[in-house]
Number of protein chains: 2
Amino acid sequence: MTQSARKRRGSGRTTLHNVAELAGVSAMTVSRYFSNKESVRLDMQQRIAAAIEQTGYVRNVFAGSLASARGRCVGMVIPHIAGGVYEETIQAVTDTLRPFGYQLLLASSNYSTEEEEAAVRAFIGWAPAALILTGQKRSRKTTELLANAGVPVVETWAHKTRPQHIQVGFSNPSVGKDSTHYLYERGYRRIVFVHPPRTDDVGANDRASGYEAAMHELGLAPATFRPQATVLLDAGAEAFRTLTSGRTPADALIFSNDNLAAGALLHGLRERIAIAQTCAVMGFGDLSIADKLVPSLTTVRPPRYEMGRIAALRVIELLRAIEEDAPTDAIERDNLLTYEIVERESA
Amino acid sequence: MTQSARKRRGSGRTTLHNVAELAGVSAMTVSRYFSNKESVRLDMQQRIAAAIEQTGYVRNVFAGSLASARGRCVGMVIPHIAGGVYEETIQAVTDTLRPFGYQLLLASSNYSTEEEEAAVRAFIGWAPAALILTGQKRSRKTTELLANAGVPVVETWAHKTRPQHIQVGFSNPSVGKDSTHYLYERGYRRIVFVHPPRTDDVGANDRASGYEAAMHELGLAPATFRPQATVLLDAGAEAFRTLTSGRTPADALIFSNDNLAAGALLHGLRERIAIAQTCAVMGFGDLSIADKLVPSLTTVRPPRYEMGRIAALRVIELLRAIEEDAPTDAIERDNLLTYEIVERESA
DNA sequence: CTGTTAGCGCATTCAG
DNA sequence: CTGAATGCGCTAACAG
């Protein structure tokens with residue numbers, strides 16, 4: 001009776017062995033059943049299925065991942081959960097990953113490289129099959145961490161000229177440039193770019209630099225404005241108020257995002273200012289409210305869902321290639337997606 | 001030379017043993033360092049810290065969780081990622097859990113009990129320390145699964161009279177009732193409740209039943225409307241158009257959420273209808289746009305952040321109690337939070 | 001305060 | 001197609 005003293009270990013939950021015993025097969029066969037049903041004989045499949053049903057067995061992810069050294073999860077770091085910007089991308093990643101059995105681990109960096117580093121560090125402990133990062137600046141430490149862990153990385157919402165990882169994104173500078181040209185062609189000349197309150201939104205900064213480049217090309221003087229208000233809707237109103245008054249008011253505003261632009265339009269409504277006649281307004285994002293505003297908002301629609309979908313697809317392809325020891329050259333590393341200027345009433 | 005054949009196992013990453021070796025201590029000491037720094041001598045702490053720094057070691061969550069049979073994660077199932085309704089709650093849960101080292105696993109059920117069941121099943125495999133569910137209906141299977149796994153559950157965005165689990169929420173029927181009384185006191189009598197397009201939003205249905213009860217108490221005939229349009233902003237516009245025309249137009253509308261109400265207000269703006277004079281509009285949610293609309297939206301503010309914070313706190317308390325083998329009676333199981341009617345211009 | 005021993009539940013490996 | 005042995009990396013339990 002050496003086994004009588006029950007050690008206080010184990011979760012007490014049903015294990016693979018319990019199921020195997022009940023089904024009258026070995027644990028290994030049940031394990032195979034989970035990874036590939038077809039690899040076990042039909043009658044065993046049925047007995048195993050019955051045993052699983054009866055016990056309510058759920059595979060312990062930890063044990064499996066530990067044994068195979070591959071976590072069945074994908075980590076994703078986005079700048080901010082709230083705001084509606086990344087929702088569709090998250091949804092797309094979830095949708096695309098789910099059929100392959102990967103769980104999404106989500107973290108938000110709050111636009112901070114330190115928090116991003118913390119999130120990446122936390123994720124690495126989960127031995128994720130891959131990480132999806134959004135196109136922010138990265139701390140050197142984060143880069144080291146990533147290299148050290150050897151986790152495949154896909155960057156999205158980014159398009160760099162010398163990418164370190166697979167990237168899926170669109171060109172923010174081009175958005176800035178195209179928006180500027182769009183307004184120029186419609187006769188606007190005193191075009192001002194409105195920054196978000198926070199200075200560390202890299203995408204916004206890139207759009208601003210595209211704007212500045214375009215203005216120079218066109219022989220115009222670029223001018224930017226950064227509101228004080230931190231709530232985006234208020235910040236947009238502040239920008240509109242400030243930039244349409246004074247001696248040389250702007251005749252067109254490029255807002256770095258739709259929330260800012262919406263703030264401007266709603267401010268105009270409240271103050272009974274005829275926006276379109278006073279000053280053209282352009283946004284970025286094409287949030288769902290954009291076409292409902294009065295006037296409806298002319299804006300740029302980034303491929304939000306598509307970025308998530310492609311990013312997840314590349315992850316799947318990459319993992320499959322690694323698994324099959326196939327070359328990863330066939331995987332498109334530079335995925336440049338297109339955005340679209342949506343012409344409406346505000347510009 | 002029995003060890004010479006390198007098995008193709010292991011991740012190749014730095015392990016606890018590597019760190020221990022480098023620091024000249026045992027693996028156990030390093031393990032203790034992670035769970036409680038103070039429990040190892042100061043000089044060892046420093047040597048260990050140096051070794052960790054040098055190797056870029058990150059603890060393997062799987063191995064730890066497997067050994068201790070406790071996953072360092074908390075699963076959360078919400079009805080829908082997009083829409084802005086649950087953002088703050090998610091953020092609150094993340095914020096509250098982070099200091100305790102728990103990772104949030106997020107899944108969306110898309111308002112479907114089957115998808116919820118799938119999510120719960122997936123989560124259970126992660127041996128989560130706890131699950132946070134939102135107050136939807138649950139399939140019997142899900143309930144079984146939960147009972148079987150023995151995972152502590154906290155329900156939020158719900159307040160049932162006979163809760164099975166710890167619950168953190170507010171009373172949806174009361175919201176419906178109070179909104180009705182609010183309008184009644186202001187002289188409105190032909191009050192109609194506008195449902196969301198989807199029939200399975202339990203919270204909305206509960207608010208509707210509160211509305212109906214209140215109308216009966218007040219001796220008025222309740223009337224509800226469910227739009228055809230699936231996009232919420234459009235559905236709101238449709239409801240407003242339909243209900244303010246005809247022989248006995250409504251004089252006040254209670255929308256089951258702010259997105260619907262916003263659709264009505266934006267429709268009014270576009271059609272140049274003076275909303276407040278035509279028909280009062282009330283929403284639910286107090287989304288950030290509510291006070292920026294014209295007219296600004298009278299609505300009900302649920303304790304979005306607070307629900308997440310309290311839910312996560314209860315989880316922490318519960319886990320601590322379980323860990324210390326303390327009684328869990330001291331933990332408040334029925335957390336009824338308050339909402340607030342926010343009076344603005346639209347009603 | 002520190003080390004030793006054993007095993008968490010599964011998948012890999014190899015042998016039938 | 002199936003089974004037995006082995007160990008993934010860590011921590012609980014116990015002994016010093």
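Per chain, numbering begins at 1; letters A, B, ... match sequence-line order.
A/I48 places its CD1 atom 12 Å from the C1' atom of D/dC1, with the value rounded to the nearest Å. Between B/K37 atom NZ and C/dT2 atom P there is a gap of 15 Å when expressed in whole angstrom units. Here C/dC1 presents its C1' atom at 11 Å from CG of B/D43, a figure rounded to the nearest Å. Counting to the nearest Å, the C1' atom of D/dC10 and the OH atom of B/Y33 are 17 Å from each other. In this structure, A/E38 places its CD atom 12 Å from P of D/dT2, rounding to the nearest Å. What separates CD1 of A/I124 from P of D/dC10 is a distance of 14 Å, to the nearest Å. In this structure, the NE2 atom of B/H17 is 8 Å from the P atom of D/dC10, given to the nearest Å. The distance from atom CH2 of A/W126 to atom C1' of D/dC10 is 15 Å, rounded to the nearest whole Å.
The nearest heavy atom of DNA chain C to A/S65 and to B/M28 marks one nucleotide each, and the one closer to the 5' end goes with B/M28.
Across D/dT11, C/dA11, D/dG9, the shortest atom-to-atom separation from the side chain of A/A67 is found for C/dA11. Distance from the side chain of A/R41 is smallest for D/dC1 among the nucleotides C/dT2, D/dT11, D/dC1. Closest contact between the side chain of B/N60 and the listed nucleotides C/dT2, D/dG9, C/dG9 involves D/dG9.
Using a 4.0 Å heavy-atom cutoff across all strands shown, A/L16 reaches sugar-phosphate atoms only and no base atom. When heavy atoms are screened at a 4.0 angstrom cut-off, A/Y57 is found touching the sugar-phosphate backbone but no base atom.
Legend: residues meeting side-chain hydrogen bond (donor to acceptor under 3.5 Å, both in side chains) with A/R314, ordered by chain and number and at least two apart, are A/E317, A/N335. Shown here are the ring-ring contact (aromatic ring centres under 6.0 Å, His included) partners of B/F62, two or more places apart in sequence or in another chain: A/F62.
When the shell of 6.0 Å around NZ of A/K160 is examined, it contains more than 12 heavy atoms from other residues, nucleotides or ligands. The environment of B/E144 atom CD is dense: over 12 non-hydrogen atoms of other residues, nucleotides or ligands sit within 6.0 angstrom. The 12-atom threshold is exceeded at CD of B/E332, counting heavy atoms of other residues, nucleotides or ligands nearer than 6.0 Å.
A sub-4.0 Å separation between OP1 or OP2 of D/dG3 and a side-chain N or O of A/S26 is present. Between B/T15 and D/dG9 there is no side-chain N or O to OP1 or OP2 distance below 4.0 Å. The phosphate of D/dC8 has neither OP1 nor OP2 within less than 4.0 Å of any side-chain N or O from A/S68. Close to D/dC1, at under 4.0 Å from its OP1 or OP2, lies no side-chain N or O of A/R32.
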